[in-house]
Amino acid sequence: MKITVFGCGYVGLTTAVGLAEMGNEVLGIDVDVEKISLLEQGVVHFYEPGLQEMLLRQITEGRLTFSNDPKLGIESSNVIFSAVGTPPLKDHYADLSAVLSVAEEFKKYAKGEKIFINKSTVPIGTSDKIMEIIAQKKSAGDVFDVVSNPEFLREGTALQDFFEPDRIVVGLYENSPHLQKIMKKLYRPMIEKGVPILFTDIRSAEVIKYASNAYLATRLSFINELANFCENTGADIQNVRQGVGLDKRIGTHFFQPGIGFGGSCLPKDLNALIEMAKQSGFELKVMEAAQKVNLQQPYKLIQALNKVFPSLKGKTIAIWGASFKPGTDDLRDAPSLPIMNELLQAGAKLQVYDPVSLQKLQKIFGKKLVYSNDYYSSLQESSALLLLTEWDEFRNPDFAKMKSLMAEHYIFDGRNIFDREEVEKQGFFYYGIGSLSPERKLKSKRSRVKLGL
Ligand code: UGA
């Protein structure tokens, strides 16, 4: 099939590369000239495991090309995906200008039979707006359709999620066997492997996308709030998580407590859904609570640090990990950002290491941080280590080496990746989200923990 994908960001590029890998002839369009020029040379402008290699293969095999020309994009295929960005506006509402401008281009250049498939996360009712725009131009012989086909891939595992999604959701204006056939043809390799395809009305498809992310966000705020409660009561969240998660209805997946959820999707989509509801006179109380908990969660680690060091002025703090999660260099809404800002304001010196996001971090913080080449060098003369992203390479460090490098031996584990017993045996003070050390538990019986945690 000949396919055009508008937007070459995380979702658009993964979709374009994935569709090419499935044997289609794909043209990727983006307004960003520099981005397209890099892509034409086979260079991906962000970090996503495996994407660069697959992109190069598809370019070499001639199934994937790129252009800045929207006219070419619309004219060269009958199946047009729109996967452009919908960043949040000041009022949390999604900025639809890029999506609507693809609709305008479609209106301008489309002739004959064409389908506009929207993959961007858009507020409920956006398909109607797209339809209104493209229908203005329809002349005799033109058949234009709008389909909502939300994307559920995660950064860091984007390709795996593209090829093995849990489900394919397709929103249609009417139960059209013709459109169903085309959508099934597009996704045949996945459907043949047993991936369910769900056809719904168009508004429900739009809601499904927001509802999925809002549920995931709420689940995380639930476990984070529970972790804070465990800390207060002397329980250990990891035991509680296991015990609760063994109930098959709950499970332990996507239930890891930490310093809060970040990224370009969960916080943005949760905020947007709350805002959309408000505008229609409805209050999403559970989701508002999830949002509130998440805004406070990064500061848990600083509160713990302040119990040990009431003043951080002049203290050297090592930071491991900055991206919002492992497998990506994305810093959008990363919990590391408010943490680092707060520590800088308190006068701390920050020595930061992240395997892939240091360049992006430098664009935000400039000379305010010390950027380390590896995780051990970030520990030089530091009083404490804050672990903010659970990259695999941090999981088994040489604690004796760490001890020799650090001036004082405090570890604040924002992702609970270390084994408390092992770390404490090595002579470190250890703080993990939602648990107390055995001695502190004992002390807490006598005098409520000395550190007050
Ligand atoms: C999220 C959704 O998971 C995808 O299904 C969706 O397609 C995507 O948004 C989107 O709308 O485009 P992503 O933003 O890549 O994907 O990140 P997640 O894997 O959902 O992680 C979000 C945040 O939750 C991260 O900061 C992560 O550290 C945190 N998290 C995740 C936890 O704190 N605990 C967990 O157990 C899991």
Side-chain angles (χ1 to χ4, degrees), residues 7 9-15 46-49 51 83-88 94 118-122 149-162 164-169 206 208-228 237-238 241-242 244-245 250-273 290-291 293-295 297-298 300-301 321-339 354 357 387-391 413-417 432-434:
Y10 283 98
V11 172
L13 188 61
T14 307
T15 305
F46 53 86
Y47 177 78
E48 181 61 47
L51 193 57
V84 291
T86 49
N118 181 50
K119 261 208 171 295
S120 309
T121 303
V122 292
N149 176 212
E151 182 52 64
F152 301 101
L153 58 82
R154 292 161 297 174
E155 288 180 27
T157 51
L159 281 174
Q160 187 193 324
D161 291 345
F162 177 84
E164 295 161 32
D166 289 345
R167 77 297 207 189
I168 298 158
V169 173
E206 289 170 346
I208 286 168
K209 172 66 197 186
Y210 278 104
S212 304
N213 276 356
Y215 171 75
L216 292 172
T218 306
R219 187 173 161 92
L220 292 179
S221 277
F222 175 89
I223 193 74
N224 284 335
E225 193 171 46
L226 197 66
N228 302 342
I237 190 63
Q238 296 303 1
R241 173 179 170 265
Q242 283 295 333
V244 170
I250 300 173
T252 49
H253 58 279
F254 214 83
F255 210 36
Q256 194 59 254
I259 48 174
F261 56 82
S264 68
C265 306
L266 260 49
K268 170 186 84 124
D269 293 351
L270 181 68
N271 295 345
L273 193 60
Q291 180 189 46
V293 169
N294 197 52
L295 286 173
Q297 196 63 16
K300 277 299 297 170
L301 217 55
S323 52
F324 82 93
K325 67 170 185 178
T328 177
D329 59 352
D330 201 340
L331 291 169
R332 285 176 288 178
D333 270 331
S336 64
L337 301 182
I339 292 177
D354 185 286
S357 72
L387 186 133
L388 305 185
T389 313
E390 69 277 32
W391 287 96
D413 181 355
R415 301 291 184 172
N416 290 0
I417 66 166
I433 301 281

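Order of listing sets the numbers, starting from 1, for every ligand and every atom in it.
- Between the side chain of Arg332 and the backbone N or O of Gly263 there is no donor-acceptor pair closer than 3.5 Å.
- Checked by atom type and distance alone, the side chain of Lys300 never pairs as donor or acceptor with a backbone atom of Gly260 at under 3.5 Å.
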Enumerate the pairs of nitrogen or oxygen atoms, one from ligand 1 and one from the protein, separated by less than 3.5 angstrom; state names and distance to 0.1 Å.
unit_1   : atom_1 : unit_2 : atom_2 : d
ligand 1 : 5 (O)  : Phe152 : O      : 2.8
ligand 1 : 7 (O)  : Phe152 : O      : 3.0
ligand 1 : 7 (O)  : Leu153 : N      : 3.2
ligand 1 : 7 (O)  : Leu153 : O      : 2.7
ligand 1 : 7 (O)  : Lys209 : NZ     : 3.2
ligand 1 : 11 (O) : Lys209 : NZ     : 2.6
ligand 1 : 11 (O) : Asn213 : ND2    : 2.8
ligand 1 : 15 (O) : Glu155 : N      : 2.7
ligand 1 : 15 (O) : Lys325 : NZ     : 3.1
ligand 1 : 17 (O) : Lys325 : NZ     : 3.3
ligand 1 : 19 (O) : Lys325 : NZ     : 2.8
ligand 1 : 26 (O) : Gly262 : N      : 2.9
ligand 1 : 26 (O) : Phe324 : O      : 2.9
ligand 1 : 28 (O) : Phe324 : O      : 3.3
ligand 1 : 28 (O) : Arg415 : NH1    : 3.2
ligand 1 : 34 (N) : Gln256 : O      : 2.9
ligand 1 : 36 (O) : Phe255 : N      : 3.1
ligand 1 : 36 (O) : Gln256 : N      : 2.8

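- Not a single donor-acceptor pair under 3.5 Å links the side chain of Glu48 to the backbone N or O of Thr328.
- Rounded to the nearest 0.5 Å, atoms CD (Gln297) and CD1 (Ile223) are 10.5 Å apart.
- Using a 4.5 Å cut-off on side-chain heavy atoms (C-beta onward), Leu216 and Phe254 make contact.
- Defined by atom type and a distance below 3.5 Å, a donor-acceptor pair is missing between the side-chain atoms of Glu390 and Asn416.
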